[in-house]
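Within every chain, numbering begins at 1; the chains are lettered A, B, ... in the order of the sequence lines, protein sequences first and strands thereafter. These numbers come from a predicted model, not from an experiment.
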Number of protein chains: 2
Amino acid sequence: MKERTVTIYDISEKAGVSIATVSRVLNNSSNVSDNTRKKVMAAIKETGYTPNAFARGLGLNTMKTIGILTADSSDLYLAKAIYYFEEELRANGYDSLLCCTGYELKDKKAAIDLLISKKVDGIIFVGSHFVYPDAADNKYIINASEKVPVMLLNAEVEGDNIYCVSSDDHDSVYRATRKLVESGFKDILYVYNSTSYSARRKESGFRDAMKDAGVDISNTQLRYFNGSNEDVHGMSAMLEDVEASGFKFNAVVASDDTLALSAVKYAQSKGYNIPDDFSVIGYNNSMLTACCDPEITSIDNKVETLCKHLTSILMGVLSGEEMPRKTVFKGEIVEKGTTSLKKD
Amino acid sequence: MKERTVTIYDISEKAGVSIATVSRVLNNSSNVSDNTRKKVMAAIKETGYTPNAFARGLGLNTMKTIGILTADSSDLYLAKAIYYFEEELRANGYDSLLCCTGYELKDKKAAIDLLISKKVDGIIFVGSHFVYPDAADNKYIINASEKVPVMLLNAEVEGDNIYCVSSDDHDSVYRATRKLVESGFKDILYVYNSTSYSARRKESGFRDAMKDAGVDISNTQLRYFNGSNEDVHGMSAMLEDVEASGFKFNAVVASDDTLALSAVKYAQSKGYNIPDDFSVIGYNNSMLTACCDPEITSIDNKVETLCKHLTSILMGVLSGEEMPRKTVFKGEIVEKGTTSLKKD
DNA sequence: ATGTTTACTGAAAGCGGTTACAAAGCTGAT
DNA sequence: ATCAGCTTTGTAACCGCTTTCAGTAAACAT
């Protein structure tokens, strides 16, 4: 280990050809005779040479790498998205430079600078934590889009070089909530654990649904859980607190399956009969929905579809095609055991 | 978008200095007067210049990037590990190039070549799927280690430039199993969903424990679940099948919390009283353990500790220090509601 | 005024590739 | 034999940055 690394010059010397020829073989470009090709190949095999991607990148000004930005790669949903992106990108000959930024704006900015300096060919913002309510705060995304195509999963920002693929969160929660009301559950608690763009969309879906269903809501019945999304205990405690504070609810709509799961545990500890006396609807339709009994009715926002579609749009952009700036998919309410919703 | 990118020459021209000076400012090296520094800074700010990391990397022959290899980044445990690695590496000024290889050997090899051509400063193999029972199959890891330091999480391979950090899986399962037997549960079903290195260690921990406890075991009581680790239903079906095949068990030791969770669901559906008549021990102590009632006793293998330690070893190696080739941490049996183990 | 330091700054080489352009080697047609 | 036209190969410029080495200017000592 640690001998001087083999370069294209070593290969050219060993094979008795010029570096240009070696380069041609490497990029299996046309116009190399079988004979020389073989000699070069042999030299490469013999030395275990691997081309230096920097040097190549310097010349070509592309490294075939896409930056993937996420707040927290260990989140169940985001991890799935990252997985699909990585898979799709690789299939298209691109690599993934992963940056977990956390939730601080300045860290996000730093991560973007870094990705740009590494000359990524595009940046995918995974998850809606990157988009702020105040448009001015989203300037940093626009800035990034001036250097490189920007893809947003589950978020929306207007821009020349920005492409958004998202699930219609507002619509999904809206439909779920209305169905719940129509099925006789009016005392609904809405719980959420994020204030991201899509979280805000979900919340407004809930509010609009309640309004259109003619049910007045109070602020006590929307509850923000400000803790780790693995903290099932903390979530249950929050539900206890809501009850203690005087709001008696018989249904929970959650922005996330974790919260839904803690709602199921809460309801069961209170002796409620699910789904007859108590309903729960989660979000993401993750494996967590299968982790309790009854299993949780949840909204499937089709993360695989979203990711594949987003990647294909990015590939189109990179090859210079005109691509849609905004693509929205409908979510699906997957009914399992925690609801008995009125059929349409 | 798409104007010619700003280079160090543009800055030097704008600031009226040479590119060397700009470079010095960029690397805040010594010997630049405040005055020129200010001029350069201003030019940088004005143009929004970001240095080209290729060019820098070409010269320095390092890109401050670590390759992270994993079979499946969406796995709960692996995703956590990746998260910690990314965090620690970033804190040390390194980036993470993520490659999800899947489970095919040739894909793993291809991924490694790619990482090496991108001149990563090191490679972290996340998870034990990379190590095969037959040493000859692990040659590809040795090969990689000839070019770049190789770090193995939860696996072991001998080699000059290979560093292993792992949890003592054998010991953890051994202790858990023995405790279970000592607590009166002898008809234990061992279920696993992987044949990776650490999975094999866990299994031998179970076998040794049973042997040392003087309990004969049959092959029917070790069951491999060959399906997605999100398929809770499939797992439950497998348990039904074990029962149907004639082995009556009153305890389950699982190589993974998912399997443990399905065991809890199974036991509850059969009307068993947990933990008095039926015990379950999981592995990883993930959030899944809190997703059922009673919560699952599980082995915590301290992934955060492992990852941080591994990263610090890698940093040591990269700065030329002598570092331990093999570090093993003990796991911890975290007792919750699915067991009532005899106290020591 | 002159010699010596010290503090900055610039010119140029080099990192390892790609590629435009030129040159050389063959082929077959004249 | 000569030449056009093709294929194959080599030369050298260039990508954007770091860094060595040399040079200039200012500051200080004599």
Side-chain angles (χ1 to χ4, degrees), chain A residues 2-41 43-44 47-65 113-114 116-121 147, chain B residues 2-41 43-44 47-65 113-114 116-121 147:
Chain A
K2 277 291 104 114
E3 327 88 51
R4 200 179 63 74
T5 45
V6 183
T7 75
I8 199 169
Y9 289 93
D10 302 321
I11 303 297
S12 82
E13 191 171 344
K14 199 167 213 91
V17 299
S18 75
I19 58 164
T21 302
V22 177
S23 176
R24 288 192 188 97
V25 172
L26 251 39
N27 301 290
N28 50 52
S29 101
S30 51
N31 301 336
V32 181
S33 75
D34 270 4
N35 191 23
T36 33
R37 182 181 301 273
K38 251 176 233 148
K39 282 190 298 183
V40 172
M41 287 301 220
I44 290 177
T47 54
Y49 165 73
T50 30
N52 181 330
F54 293 168
R56 177 175 268 163
L58 226 204
L60 301 179
N61 206 35
T62 163
M63 190 86 138
K64 287 270 199 180
T65 302
D113 276 350
L114 187 148
I116 287 176
S117 79
K118 296 228 166 155
K119 295 294 171 200
V120 294
D121 301 293
K147 309 237 181 177
Chain B
K2 275 299 105 113
E3 329 86 54
R4 200 178 65 73
T5 45
V6 183
T7 75
I8 199 170
Y9 289 92
D10 302 320
I11 303 297
S12 83
E13 192 171 344
K14 203 168 211 84
V17 299
S18 76
I19 58 163
T21 302
V22 177
S23 177
R24 289 191 188 97
V25 172
L26 251 39
N27 301 290
N28 51 52
S29 102
S30 51
N31 302 335
V32 181
S33 74
D34 270 5
N35 190 23
T36 33
R37 184 181 299 275
K38 248 175 236 149
K39 282 192 298 186
V40 172
M41 288 301 221
I44 290 176
T47 55
Y49 164 74
T50 31
N52 180 331
F54 293 167
R56 174 176 269 163
L58 225 203
L60 301 180
N61 207 36
T62 163
M63 189 82 139
K64 287 273 200 176
T65 302
D113 276 351
L114 187 147
I116 287 176
S117 79
K118 295 226 166 158
K119 296 293 171 201
V120 293
D121 300 293
K147 309 238 182 178

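- Residue A:Leu58 holds its CG atom at 5.0 Å from CG of B:Leu58, rounded to the nearest 0.5 Å.
- Note that CE of B:Met63 and CZ of B:Arg56 are 10.5 Å apart. Values are rounded to the nearest 0.5 Å.
- Residue A:Ser18 has its side chain nearest to D:dG10 when only D:dG10, D:dC17, C:dG17 are considered.
- One can place CE of B:Met63 at 15 Å from P of C:dG16, the figure rounded to the nearest angstrom.
- Within 4.0 Å (heavy atoms only), B:Val32 reaches sugar-phosphate atoms of the nucleic acid but no base atom.
- Of the candidates D:dT18, C:dT9, C:dT19, D:dT18 carries the atom nearest the B:Asn27 side chain, counting heavy atoms from C-beta on.
- Contact annotation: A:Asn52 does not reach the phosphate of C:dC15 (side-chain N/O to OP1 or OP2, under 4.0 Å).
- Whole-Å rounding puts the B:Asn35 CG to C:dA7 P distance at 17 Å.
- Summarising the geometry, the separation between NZ on A:Lys118 and C1' on D:dC17 is reported as 15 Å, rounded to the nearest angstrom.
- Projected onto DNA chain D by closest heavy-atom contact, B:Thr21 and A:Gly16 fall at different nucleotides, the more 5' of which corresponds to A:Gly16.
- Between the CZ atom of B:Arg56 and the C1' atom of C:dG14 there is a distance of 17 Å, given to the nearest Å.
- Looking at the side chain of B:Arg24, the nearest of the listed nucleotides C:dA11, D:dG10, C:dT18 is C:dA11.
- Using a 4.0 Å heavy-atom distance criterion, A:Ser23 is classed as a base contact.
- If you check every strand for non-hydrogen atoms under 4.0 Å, A:Val22 touches nothing.
- Considering only side-chain N and O atoms, B:Ser33 lies under 4.0 angstrom from the phosphate OP1 or OP2 of C:dT9.
- Applying the 4.0 Å criterion to OP1 and OP2 of C:dA11, one finds that B:Tyr9 has every side-chain N and O outside that range.
- At the phosphate of C:dT9, OP1 or OP2 sits under 4.0 Å from a side-chain N or O atom of B:Thr36.
- Within the 4.5 Å cutoff, side-chain heavy atoms of B:Leu26 are placed close to those of B:Tyr49.
- Set against C:dA12, D:dG16, C:dG17, the side chain of B:Thr5 has D:dG16 as its closest nucleotide.
- For the pair B:Ala55 and A:Ile19, both in contact range of DNA chain D, the more 5′-proximal nearest nucleotide belongs to A:Ile19.
- When the P atom of C:dA12 is taken as reference, atom CD1 of B:Ile8 falls 17 Å away, rounded to whole Å.
- With B:Ile8 as the partner, the side-chain contact (heavy atoms from CB on, under 4.5 Å) test is satisfied by one option alone out of B:Ile19, B:Ile44, B:Asn52: B:Ile19.
- Separating the CZ atom of B:Phe54 from the C1' atom of D:dG16 is a distance of 11 Å, rounded to the nearest angstrom.
- One atom, NZ of B:Lys64, and another, P of D:dT18, lie 14 Å apart when rounded to the nearest Å.
- Atom-to-atom, CG of B:Leu60 to C1' of D:dC17 comes out at 8 Å; the value is rounded to the nearest Å.
- Checking A:Thr65 against B:Lys118 by side-chain atom types alone, a donor-acceptor pair falls below 3.5 Å.
- For B:Thr62 and B:Asp121, the side-chain atoms include at least one donor-acceptor pair closer than 3.5 Å.
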